[in-house]
Amino acid sequence: MKAALILLLVSASNVPYARAEWQLNMRRGVTDISHSIFDLHMLIFWVCVAIAVVVFGVMFWSIFHHRKSRGAKAHNFHENTLVEIIWTLAPFAILIAMAIPATATLVKMYDPSDADLDIQVTGYQWKWRYQYLGQEVDFFSNTITPSEQINNQAPKSEHYLLEVDNPLVIPAGKKIRFLITSVDVIHSWWVPDFAVKKDAIPGFINESWTNVPEPGIYRGQCTELCGKNHGFMPIVVDVRTPADYELWLAQMKNRKAEEQSSAQQSMSMEALMEKGEAVYISSCAACHQLNGEGIPNVFPALNGSLIATGDISQHIDLVLNGKTGTAMQAFREQLSAVDLAAVITYERNAWNNNTGDKVEPAAIDELKMAAKQ
Amino acid sequence: MMNTMTKVSHTEHHGPASGLGRWFFTTNHKDIGTLYLWFSFTMFLIGGCMALMIRAELFQPGLQLIQPEFFNQMTTMHGLIMVFGAVMPAFVGLANWMLPIMVGAPDMALPRMNNWSFWILPFAFAMMLSTFFMDGGAPNFGWTFYAPLSTTYAPPSVTYFIFAVHMMGISSIMGAINIIATILNMRAPGMTMMKLPLFVWTWLITAFLLIAVMPVLAGVVTMMLTDIHFGTSFFNAAGGGDPVLFQHVFWFFGHPEVYIMILPAFGIVSEIIPTFARKRLFGYSSMVYATSSIAFLSFIVWVHHMFTVGLPLMGELFFMYATMLIAVPTGVKVFNWVATMFRGSMTFETPMLFAIAFVVLFTIGGLSGLMLAIAPADFQYHDTYFVVAHFHYVLVPGAVFAIMAGVYYWLPKWTGHYYPETLGKVHFWCSFIGVNLTFFPMHFIGLAGMPRRVPDYALQFADFNMVASIGAFIFGFSQLIFLVVVIKTIRGGSPATAEVWDEPHGLEWTIPSPAPYHTFSTPPEVK
Ligand SMILES: [Cu+2]
């Protein structure tokens with residue numbers, strides 16, 4: 001038994017990715033708030049240690065000295081009002097001493113006024129959407145950890161499960177206000193290094209803020225159980241210098257224009273299928289599964305489904321507008337016209353769905369535009 | 001002190017019925033206590049297997065054994081089964097066995113209802129477990145079942161889950177009524193309230209908590225039911241409802257619920273420590289007042305589970321202060337236990353070992369609870385493994401260790417045999433090592449930033465997760481030793497005396513071991 005355990009431990013430590021990172025404590029983080037919280041955490045921690053040392057000290061001392069085997073005779077005191085009063089009041093005083101800095105920190109955290117930039121953060125099953133209010137920048141952020149790594153068919157990368165396609169980009173040294181909400185279930189947006197954690201709740205908009213002094217890449221995760229892929233909903237924040245941030249902003253606006261123009265070009269069936277498969281894997285497979293079979297009674301199969309092989313306009317409508325009250329989201333805003341055309345074409349021709357139908361990006365673009373007016 | 005030996009003998013006029021019928025139709029508090037305890041142990045093993053499945057999947061990063069949707073079913077059912085199937089029924093079982101004897105009553109006040117409270121449970125849990133075989137799988141939204149994940153987005157089996165929760169609630173409420181009626185009405189002459197053993201006191205207060213909050217739980221699942229099937233929108237934002245309302249109602253039940261799972265544990269430990277320290281409990285009346293204040297405070301702290309839902313500042317402050325206050329009466333209890341040991345004459349039989357481990361490890365859980373009460377810091381702790389570490393410390397080496405301590409303590413009284421002491425100690429040490437190996441590292445991975453309820457994790461959490469998984473398997477398999485001990489003791493062993501231990505206090509030690517089928521048909525005189 002013991003030998004087996006040791007063997008297990010030794011073999012485990014040889015696994016390439018089990019790098020020894022025996023981190024014990026909270027991350028100190030990079031913002032003023034995260035530093036105050038860290039200090040508060042250490043303060044309470046040492047208070048608790050002190051209490052534990054005193055209480056357990058007395059206890060183990062009596063366990064050692066007042067045992068029958070050492071001939072201890074039981075005394076028979078069993079009440080002492082003064083002692084009781086003291087050990088009611090002393091903890092009370094300690095608590096007040098802890099409450100004061102805690103209150104101060106909380107008041108600081110609750111002041112989102114005078115923000116330089118407002119970003120709306122929206123939770124979707126299982127991705128984040130970032131909308132820069134007043135900037136016309138709006139994008140989704142999906143996990144990019146490949147399923148081969150998750151299923152142990154490929155070595156895990158350095159930022160396994162903590163990497164996304166489009167990180168949130170913010171300028172350093174500016175006060176950023178986050179407006180956090182959700183379209184489906186409750187999520188929670190957490191970046192430990194900023195000490196920002198706020199629940200994303202459908203029907204509510206929660207406020208939080210940060211001001212990150214140094215550029216860098218900071219990672220976090222969804223922290224409220226939100227369904228099947230709750231563990232695969234990372235957050236990456238790319239903090240840049242204000243100049244780099246402006247550059248990025250300009251690029252994002254350009255990209256939007258490019259997307260618009262490429263939506264007007266016709267695409268070949270092969271190109272659509274190839275693109276469609278990629279979009280399907282990143283946006284649909286989490287629910288409908290790679291093989292299109294879905295999960296019985298939870299997510300319907302698309303292989304052979306009446307909608308994916310039947311009336312095409314119904315299929316397009318469902319993907320663009322989703323179905324309220326179910327996990328099937330509206331993809332109108334999430335995907336570009338090209339991506340939408342490609343993924344619908346793919347669904348109609350993948351697996352055993354051999355409809356031969358092809359959806360042109362221009363047709364989707366028209367529908368998207370029509371809805372905007 | 002309480003000389004009742006002579007009175008018991010003439011009460012043994014009839015014994016239990018024979019065959020299976022004895023167990024189905026029994027109204028005897030001892031039989032029903034036994035049923036509860038075996039039921040709870042079975043659930044403990046089933047819930048434990050689920051925990052081991054979870055820990056096996058988390059042994060290494062990546063998905064090895066189970067898929068995320070099944071993982072979520074495992075965490076959900078593990079929590080529900082341990083809370084409602086293992087811990088609560090175990091305490092009710094101990095109450096059934098011991099309360100009538102401790103207050104000098106012949107049985108529970110409402111024996112037929114007692115039979116029913118128990119027999120509802122196997123059906124409730126059979127229904128709950130049957131959801132594993134339904135299309136769409138078992139409930140997968142966590143034991144806290146936050147809407148709308150548990151309503152709009154839930155698998156179809158949620159309706160069965162709701163029905164099962166209703167049945168458990170009815171069972172608990174009936175059990176609580178019975179306990180209150182017994183304690184208030186059936187005490188032997190001279191057994192005044194302030195002479196009640198602490199286990200009786202803590203159960204009395206727990207029973208009031210149960211009556212207060214189980215209907216709230218029933219209410220919240222009923223609101224879910226109408227949201228799912230009858231077109232209401234209590235928790236559906238799209239229909240004008242409020243998902244946060246769910247959390248308020250749930251935790252208004254849920255917070256007192258955690259005290260329901262710990263107050264009787266306080267009672268058990270307060271019985272055991274004085275016996276093995278050979279000294280009266282220090283500060284009996286302050287223990288009663290502390291328990292009552294904890295029960296009162298438990299109703300005004302529920303929002304500390306919701307610090308990150310976006311409350312106004314004043315709300316956060318109020319609930320932070322109220323939560324911190326709970327540390328005061330809880331501290332008093334711990335100090336009293338230590339003062340009881342102080343200058344005693346201690347021996348360390350298995351019940352005492354579990355009781356001492358309870359005091360130490362529960363206090364660790366209490367201290368991490370104090371840290372969680374600090375609202376700004378909770379923004380970093382919330383929904384991470386730090387919370388998982390905290391509540392497992394108060395529930396496993398807390399509630400579960402206390403239950404085991406109680407079983408070892410009273411087993412000779414129940415069976416008439418001493419349990420094998422060495423094997424008991426082996427069980428204790430394996431459990432103690434296993435529990436700490438499992439849950440202590442969870443503090444570290446939580447602080448380092450690992451969210452709870454994830455089937456897979458980033459690489460920097462790998463090492464401690466591996467340790468925790470190894471610990472979980474040690475703890476889990478150690479419980480088979482417990483099973484062996486109990487079966488061995490039922491079957492034989494050196495005969496126990498009526499007192500069982502060295503001069504213990506309480507009416508249960510005045511009746512012979514094993515306790516006769518009927519006790520105190522004529523009330524004892526308590527001086
Ligand atoms: Cu989420």
Side-chain angles (χ1 to χ4, degrees), chain A residues 12 17-18 20-26 37 40-41 44 48 55 58-59 62 66-68 72-75 78-79 84 87-88 91-92 95 102 105-106 109-110 150-152 156 160-162 185-186 192 195 197-199 201-203 206 221 223-225 227-229 231 296-298 325 327, chain B residues 62-63 68-69 135-136 142 146 148-149 152-153 155-156 237 243-244 278-280 282-283 286 308-310 313 316-317 321 324 327-328 331-332 334-335 338 341-347 367 371 374-377 379-380 382-383 444 447-449 451 453-456 458-460 462-463 466:
Chain A
Y17 49 72
E21 271 207 45
W22 304 86
Q23 187 191 334
L24 299 176
N25 205 353
M26 184 190 277
I37 290 181
L40 197 55
H41 158 75
I44 337 161
C48 287
V55 174
V58 175
M59 188 171 137
S62 25
H66 307 147
R67 50 169 71 216
K68 198 174 174 208
K73 289 268 175 303
H75 290 223
H78 54 82
E79 237 160 10
E84 299 271 357
W87 70 37
T88 309
F92 198 74
L95 290 180
T105 307
L106 201 61
M109 292 168 74
Y110 263 73
I150 295 172
N151 293 318
N152 314 305
K156 297 181 173 28
Y160 177 69
L161 296 188
L162 298 177
V185 299
I186 300 176
K197 181 186 283 155
K198 251 308 152 54
D199 292 358
I201 305 173
N206 274 331
Q221 276 177 276
T223 51
E224 182 65 62
L225 177 64
K228 177 166 118 11
N229 281 5
N297 240 327
V298 185
Chain B
L63 296 178
E69 55 273 25
D135 274 342
Y146 281 8
L149 188 63
T152 318
Y153 296 83
V244 177
R278 290 165 184 77
K279 189 163 154 269
R280 269 177 71 183
F282 188 88
S286 76
T308 63
V309 300
L313 179 61
E316 300 257 326
L317 290 176
Y321 300 149
M324 291 169 79
V328 175
V332 167
V334 174
F335 301 145
V338 174
M341 291 185 224
F342 190 72
R343 299 201 173 253
S345 167
M346 277 186 268
T347 52
L367 291 172
M371 297 175 75
I374 308 293
F379 278 82
Q380 291 287 57
H382 180 68
D383 266 345
F444 305 138
L447 290 174
R453 295 168 165 165
V454 291
D456 195 3
L459 303 180
Q460 71 262 32
D463 300 323
M466 190 171 280

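Quick note on labels: first sequence line is chain A, next is B, and so on, each numbered from 1. Just the heavy atoms: all of them, side chains too, but no hydrogens, waters or symmetry mates, feed the values below.
Side-chain contact of B:Glu316 with A:Tyr110: a donor-acceptor pair under 3.5 Å is present, judged by distance alone.
Proximity to chain B (any heavy atom under 4.5 Å) is restricted, for A:Leu40, to the side chain, taken from C-beta onward. Using a 4.5 Å cut-off between heavy atoms, A:Leu162 contacts chain B through its side chain alone, with no backbone atom that close. The contact between A:Asn206 and chain B is made entirely by side chain atoms (from C-beta outward), counting heavy-atom distances below 4.5 Å. Residue B:Phe342 touches chain A through both its backbone and its side chain, counting heavy-atom pairs closer than 4.5 Å. Using a 4.5 Å cut-off between heavy atoms, B:Tyr321 contacts chain A through its side chain alone, with no backbone atom that close. Both the backbone and the side chain of B:Leu149 come within contact range of chain A, with heavy atoms under 4.5 Å apart. Within the 4.5 angstrom heavy-atom criterion, atoms from both the backbone and the side chain of A:Leu95 approach chain B. In this structure, the portion of A:Gln221 lying under 4.5 Å from any heavy atom of chain B is its side chain and not its backbone. With a 4.5 Å cut-off on non-hydrogen atoms, A:Met109 touches chain B through its side chain but not through its backbone. Both the backbone and the side chain of B:Ala448 come within contact range of chain A, each with at least one heavy atom under 4.5 Å from a heavy atom of that chain. In this structure, the portion of B:Tyr146 lying under 4.5 Å from any heavy atom of chain A is its side chain and not its backbone. The part of A:Lys73 that comes within reach of chain B is its backbone (N, CA, C, O), which places non-hydrogen atoms under 4.5 angstrom from that chain.
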Evaluate the side-chain contact (heavy atoms from CB on, under 4.5 Å) criterion for residues B:Asp456 and A:Tyr160: first the C-alpha distance (whole Å), next the side-chain angles of each, then the deciding distance (0.1 Å), finally the verdict.
CA-CA 10 Å; B:Asp456 195 3; A:Tyr160 177 69; 2.3 Å; yes
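Of all heavy-atom pairs spanning B:Arg278 and A:Ala74, the tightest one is O-CB, 3.0 Å. The two residues A:Asn152 and B:Gly62 have their closest heavy-atom pair at OD1-CA, 3.6 Å. Contact record, B:Val328 with A:Thr88: CG1-CG2, 3.5 Å, taken as the closest heavy-atom pair. Taking both residues in full, the closest heavy atoms of B:Ala237 and A:Pro202 are given as CB-O, 3.3 Å, listed atom of the first, atom of the second, then distance. In terms of heavy-atom proximity, B:Gly142 sits nearest to A:Leu225 at N-CD2, 3.6 Å. Closest approach of B:Pro455 and A:Gly231 over heavy atoms only: CD-CA, 4.2 Å.
Checked by atom type and distance alone, the side chain of A:Gln23 never pairs as donor or acceptor with a backbone atom of B:Phe444 at under 3.5 Å. Between the side chain of A:Ser62 and the backbone N or O of B:Arg343, no donor-acceptor pair lies under 3.5 Å. When atom types are taken as modelled, the side chain of A:Lys197 and the backbone of B:Phe379 share a donor-acceptor pair closer than 3.5 angstrom.
Options A:Ile201, A:Asn229, A:Ile44, A:Leu24 differ in how many heavy-atom pairs under 4.5 Å they form with chain B, and the most are formed by A:Leu24. Of the listed residues A:Ile186, A:Leu161, A:Val298, the one with more heavy-atom pairs under 4.5 angstrom with chain B than any other is A:Leu161. Options B:Thr347, B:Val332, B:Thr152 differ in how many heavy-atom pairs under 4.5 Å they form with chain A, and the most are formed by B:Val332. Your options are A:Val58, A:Ile37, A:Leu106, and the one with the most heavy-atom pairs under 4.5 Å with chain B is A:Leu106.
For the pair A:Glu224 and B:Thr308, the minimum side-chain heavy-atom distance is 4.5 Å or more. The shortest distance between side-chain heavy atoms of B:Lys279 and A:His78 does not fall below 4.5 Å. Counting only heavy atoms from C-beta outward, the side chains of A:Trp87 and B:Ser286 never approach each other to under 4.5 Å.
Of the inter-residue distances, the one linking A:Glu84 atom CD with B:Phe282 atom CZ reads 5.0 Å to the nearest 0.5 angstrom.
Within 6.0 Å of atom CZ in B:Arg280, 12 or fewer heavy atoms from other residues, nucleotides or ligands are found, so the atom counts as exposed in its surroundings.
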